[in-house]
Amino acid sequence: MNYYSTEDRQLRRTLKEAVLEGLAPDGGLFMPESIPSLPKAQIQSFKSKTFLEIAREIALSLFHEDLPESEIMNITDSAINFDTPLVKVEEGIYTLELFHGPTLAFKDVGARFMARMMGHFTRGLAQEVNVLVATSGDTGSAVASGFWNVEGIQVYILYPSGGVSQLQEKQLTTLRGNITALEVSGTFDDCQRMVKSAFLDQDLTEKLILTSANSINLARLLPQSFYYFNAWARLPENHEFYVSVPSGNFGNLTAGLIAGKMGLPVKHYIVATNVNDVVPEYLETGKFRPRPSIPTIANAMDVGNPSNFARILDLYGHSHDAITAAMSAYSYNDDELRSTIGEVYLRTGYLLDPHGAAGYRALMAHTPREKGIPGVFLETAHPGKFSLTVEEVIQSTVEIPEQLQEASSKKKSSIGLTADFPDFKEYLLHL
Ligand SMILES: *Cc1c(COP(=O)(O)O)cnc(C)c1O
């Protein structure tokens with residue numbers, strides 16, 4: 001199957017090209033030329049299958065034209081090494097816990113899958129492939145962990161010195177092996193600029209194979225559709241459901257929309273954001289006004305120019321009417337997110353993280369919601385990752401999962417760089 005650019009449908013790439021290029025050369029995002037439609041009986045059969053079994057079947061539908069079946073199974077089995085359980089929070093309301101992977105956030109699913117697919121596509125090359133990533137925190141740790149020990153690939157993570165949490169820094173800097181942490185005396189924007197300059201620098205691109213691993217990569221996006229099917233499969237009910245998605249760059253929501261196009265019976269999508277409400281505003285006014293992001297306690301959703309919006313427009317033929325028919329959006333400030341965490345914990349005993357809190361609250365706020373039709377919100381991170389915020393709200397301590405404790409006890413290893421591109425270039429040329 002070919003993949004086209006959202007900027008120009010005539011610009012087509014194979015799966016391999018699209019995955020290695022990441023972003024289309026015209027600045028567009030790649031989309032599949034056709035989204036496979038799963039037979040009803042197959043979707044029904046998911047009710048008696050595990051998450052991994054479901055993931056394998058969907059991976060096969062998506063990639064069977066481009067990869068041998070045995071390789072699709074290898075990639076999927078190795079990437080999906082944790083569950084995404086559905087947990088009942090109250091009557092008719094469930095959460096899909098996406099935080100049981102190595103870095104305790106949903107990004108593990110896509111990052112692990114992408115790493116293995118890139119590993120497949122670059123196998124047998126004479127040279128190693130160098131993945132360059134700039135991170136302000138969570139993406140970097142999922143990518144680092146996802147690529148760790150994948151053969152033939154070296155990963156360079158640029159992060160702003162003092163600009164990520166202590167725990168995030170540990171997750172980036174303690175893996176070693178094929179993961180190198182570059183600590184930049186500058187901001188996240190500096191890191192991003194340095195990575196962009198590297199891709200455009202002829203000396204570097206002639207000498208090294210460089211690629212990116214950011215969230216717009218298809219190999220990260222498409223596997224995120226797997227767990228939407230798992231959500232439905234684990235519901236006791238056997239009909240449509242509502243799904244609420246805490247959103248920042250809108251990759252997670254886009255994967256859910258793709259699952260719907262594949263046949264998943266989603267009644268309506270509910271979009272939850274923090275005060276970075278560019279997409280809720282678009283739904284209300286039809287105008288898309290990207291702007292600088294505002295810091296919040298749900299910081300993985302602090303996005304002022306959501307990159308996957310281009311894919312959403314594309315999926316609905318740029319029709320505002322079609323988009324508002326499929327989804328509704330709600331946005332919340334930090335006080336509202338905090339009070340939701342406290343209220344739900346007191347009443348049900350379920351502990352939300354700040355992102356999941358937005359998802360829960362938006363689901364409850366969607367009053368056209370029909371009784372008898374279940375609602376699922378995605379829990380995108382473990383509350384222990386945001387222990388400072390959460391503990392302050394519930395006035396007691398939060399259990400920190402083993403994965404986090406392990407990283408925090410290891411010794412940091414990073415290489416310091418200035419925020420000047422020539423410094424970074426020199427480093428890369430002398431690898
Ligand atoms: C990245 C992230 C989000 C936002 O996901 P998008 O796909 O960018 O919309 C939400 N919650 C957490 C915890 C995240 O890490």
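Whatever order the structure lists them in is the order used to number ligands and atoms, beginning at 1.
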Identity and separation of the nearest protein heavy atom to atom 4 (C) of ligand 1: G248 N, 3.6 Å
Residue and atom name of the nearest protein heavy atom (relative to atom 5 (O) of ligand 1), distance in Å to one decimal: F106 CZ, 3.3 Å
Residue-ligand contact F99/ligand 1, heavy atom below 4.0 Å: no
Are any of the N/O atoms in S247 less than 3.5 Å from those in ligand 1? no
What heavy-atom pair brings N178 and N149 nearest, and what distance separates the two atoms? OD1-N, 3.0 Å
Can you tell me the protein heavy atom closest to atom 11 (N) of ligand 1 and the distance? T380 OG1, 2.8 Å
Within 6.0 Å of CD in E33, more than 12 heavy atoms from elsewhere: yes
Among V376, V344, L363, the one residue meeting side-chain contact (heavy atoms from CB on, under 4.5 Å) with V89: V344
So for ligand 1, is F250 a polar contact partner (N or O within less than 3.5 Å, distance only)? yes
What atoms of ligand 1 come within less than 4.0 Å of a heavy atom belonging to N252? 7 (O)
Less than 3.5 Å between some nitrogen or oxygen of N249 and one of ligand 1, yes or no? yes
When you compare the side chain of L313 with that of Y282, does any pair of heavy atoms fall below 4.5 Å? yes
Can you find an N/O atom of G251 closer than 3.5 Å to an N/O atom of ligand 1? yes
Can we say D277 and R289 salt-bridge, meaning some charged N sits less than 4.0 Å from an Asp/Glu carboxylate O? no
Atom CD of E237 with >12 non-hydrogen neighbours under 6.0 angstrom: yes
Could you list which atoms of ligand 1 come closer than 4.0 Å to a heavy atom of M301? 10 (C)
Evaluate the ring planes of Y156 and Y427, with Trp represented by its six-membered ring, and classify them as parallel (under 30°), tilted (30 to 60°) or perpendicular (over 60°). perpendicular
Does the plane of the ring in F309 sit parallel, tilted or perpendicular to the ring in F288? Use 30° and 60° as the thresholds. parallel
Out of all atoms in ligand 1, which are within 4.0 Å of some heavy atom of K107? Include the element for each. 1 (C), 2 (C), 3 (C), 14 (C), 15 (O)
